[in-house]
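Accompanying notes for the structure given below.
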Amino acid sequence: MFSKKVRKYWEVFWINLRTEHVYLINMLARVTFIGFRIWILAQLYEASFKSQYLSEVEGFTVSTVVWMVALTQSFGILTSPDMAKLISEEVKRGDVTYSLLRPGSYILLQYFTFWGRSLMPLFWSICTGALAAWLLVGTAPISFESFCAGALLLFLGGTLHAIIQLILGLLAFWLEEVSAFRWIYQKLYIALGGMILPPAIFPDWMRTVVERLPFAQLFYSASEITVRFSSEKFLQFISIQLFWLCCTSLVLVCMFRSSVKRISLNGG
Amino acid sequence: MSAFEYRAAFLTQAIGMMLNDICWVACWWIYHQKFPVVNGWQFEDTMILFGLNCFAFGLFVTFLGGSFDISRMIYRGELDYYLTFPKNVLWHVALSNVLFSGVGDIVYGIGAFFVFADPSLEGVIIFMLAAIFAAIGMFSFMVIVHSISFFVGNFQEAAESIFWTLITFGIYPPSAFKGGLKLIICTVVPAWFVLIMPVELVRNFEWQNLAIVALFNIGMLAFAITLFNYGLKRYESGNLVQAKI
């Protein structure tokens, strides 16, 4: 019985994974341009360090900073397509009823769809990002231990992102338009989530606060641990991620139960 | 008109975009605390760059917001609706959607101009001209990348990624770019002419640069229209039934 329940979510995951292969040019073009963004950031940081005659900032060299930003940018492919936008449009059009009628949890179906759609682009994105960083600044001290720790943090960070996207999408049940909240969330994970500026080189007081917010735990924590492993930091990041996963999951479940009561069907 | 009907949605989008832009300001403020001057480029210069590009982007999405959906319309067969009208398909599609968030970008851009740039009459005229040409360039590039869908099928996410790469070049200090990257931003992803030279016009106006910006962006617009029309001849309708109410 349990395996039948799990099997349908696995099938959803598998179908979405295979769908990504159909439009290969679309996927490859997406990941290629991540390489351009990494190139921009590498030149920006090289110029920035050089302009201040610095070899290190807060203990991080140019090479380490570029690798962290490169991996964060690569992991950031999980943000596309915008799940919150897809869900909010589904809610506004009324198509959400088709999804709710399916024999499965709407939340779990969306969650497995997210990973199915994202896994292959994520793989190619990481390959592209790592290749770009290696060509631009050389190797990074990535060990098997740091790779595994980073993978776990990335999986939990991706799950956290999926839950937040579901919450934002379900806001459409209450608000006419949720774009504003999507953009603010997007800018928060770009500004505070290490996509441009790693929190590691923030001022101390700011870094302490930012690392405890969910935005730095989406993709940045995985990239920092991968490039600069520390068991103490790993445990700290895991604890913060688990805390935010619990909080957001609770909010999501409450919101979803309240949302389905607000559905009204119009004829036509 | 629908913007004024759904006032709450309009206001949340406009205010949300302004808050969005303020987050970027915070990000660059943090960056310049660590790196005050980068190859002669300071916080104020970054704010002019960002303000102008926000203003131009706001103009683009407010009036031509439908262009974000070109790829989706092509591969889903949604262009059929527009083909039935005796209007130019590209302009009809582009004007079919207004992104109210652009108002927030426009307001932010004007604010940044008055705080960080020269707010004289001459400065205002140069700013407006630079922004208009930048908006034309953004629209043209958007049409070019989305028109690739006519030839390869679903190119929606890739087109968005390529377009945002263009915008990305317009939010980082250009004094840091060199070598092969500079070649790319003058050719494949022409951010130099679309985003960076318009900012140089505001910082240090020269008639020659204005002519280059104008010619390039108008030329790119002509190419975008030609490419779209060529792709439209290859367009195949689907069986999608859609209602436009």
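Just so it is clear: chains get the letters A, B, ... in the order the sequence lines come, proteins before strands, and each one is counted from 1.
- Heavy atoms closer than 4.5 Å to chain B are found in both the backbone and the side chain of A:Ile201.
- Contact check for A:Ser51 versus B:Val37: no side-chain heavy atoms found under the 4.5 Å cut-off.
- Note that the CE atom of A:Met206 and the CD atom of B:Gln33 stand 8.0 Å from one another [nearest 0.5 Å].
- Between A:Ile190 atom CD1 and B:Ile171 atom CD1 the span is 7.5 Å, to the nearest 0.5 Å.
- B:Trp41 does not touch chain A: none of its heavy atoms, backbone or side chain, sits under 4.5 Å away.
- Options B:Ser149, B:Ala26, B:Gly180, B:Gly40 differ in how many heavy-atom pairs under 4.5 Å they form with chain A, and the most are formed by B:Gly180.
- In this structure, chain A has no heavy atom under 4.5 Å from any part of B:Ile148.
- Looking at B:Gln156, the atoms closer than 4.5 Å to chain A (heavy atoms on both sides) all sit in the backbone: N, CA, C or O.
- The closest side-chain heavy-atom distance from B:Glu160 to A:Pro81 is not below 4.5 Å.
- Distance check: A:Tyr45 OH to B:Tyr31 OH gives 7.0 Å after rounding to the nearest 0.5 Å.
- Within a 6.0 Å sphere centred on CZ of B:Phe151, heavy atoms belonging to other residues, nucleotides or ligands number more than 12.
- Highest contact tally toward chain A, considering only B:Gly179, B:Cys27, B:Gly104, is held by B:Cys27 [criterion: heavy-atom pairs under 4.5 Å].
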- Just do the side-chain contact (heavy atoms from CB on, under 4.5 Å) check on B:Leu166 and A:Phe33 with the steps written out, would you? CA-CA 10 Å; B:Leu166 173 84; A:Phe33 278 83; over 6 Å; no
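- Taking chain A as the reference chain and counting heavy-atom pairs below 4.5 Å, the highest number among B:Ile162, B:Asn39, B:Val152 is found for B:Ile162.
- Between chain B and the options A:Leu188, A:Thr32, A:Leu197, A:Ile40, heavy-atom pairs under 4.5 Å are most frequent for A:Ile40.
- Partners of A:Trp134 according to the ring pair (Phe, Tyr, Trp, His ring centres under 6.0 Å) rule, which considers only residues two or more places apart in sequence or in another chain, do not exist here.
- Atom CH2 of residue A:Trp39 and atom OG1 of residue B:Thr165 lie 13.0 Å apart, to the nearest 0.5 angstrom.
- Remark: B:Asn154 CG to A:Thr19 OG1 distance equals 10.5 Å, nearest 0.5 Å.
- B:Lys34 contributes atom NZ, which lies 3.5 Å from atom CD of A:Glu58 (distance to the nearest 0.5 angstrom).
- If you measure heavy-atom distances from B:Phe177 to chain A, the contacts under 4.5 Å come from both the backbone and the side chain.
- With chain A as partner, the option from B:Pro173, B:Gly153, B:Ser175, B:Ala158 having the largest number of non-hydrogen pairs under 4.5 angstrom is B:Ala158.
- Residue A:Leu44 touches chain B through both its backbone and its side chain, counting heavy-atom pairs closer than 4.5 Å.
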- Query: Can you list the steps and then say if A:Arg37 with B:Ser161 is a side-chain contact (heavy atoms from CB on, under 4.5 Å)?
  - Reply: CA-CA 10 Å; A:Arg37 291 205 286 273; B:Ser161 180; 3.9 Å; yes
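- Taking a cutoff of 4.0 Å between a charged side-chain nitrogen and a carboxylate oxygen, B:Glu157 and A:Arg117 do not qualify as a salt bridge.
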- Message: Apply side-chain contact (heavy atoms from CB on, under 4.5 Å) to residues A:Glu46 and B:Lys178 and explain how you reach the verdict.
- Response: CA-CA 11 Å; A:Glu46 279 173 357; B:Lys178 60 184 195 291; 3.7 Å; yes
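- When heavy atoms are compared at a cutoff of 4.5 Å, A:Ser48 approaches chain B by way of both its backbone and its side chain.
- Between B:Phe35 and A:Phe49, the ring-plane angle classifies as tilted under the 30° and 60° cut-offs.
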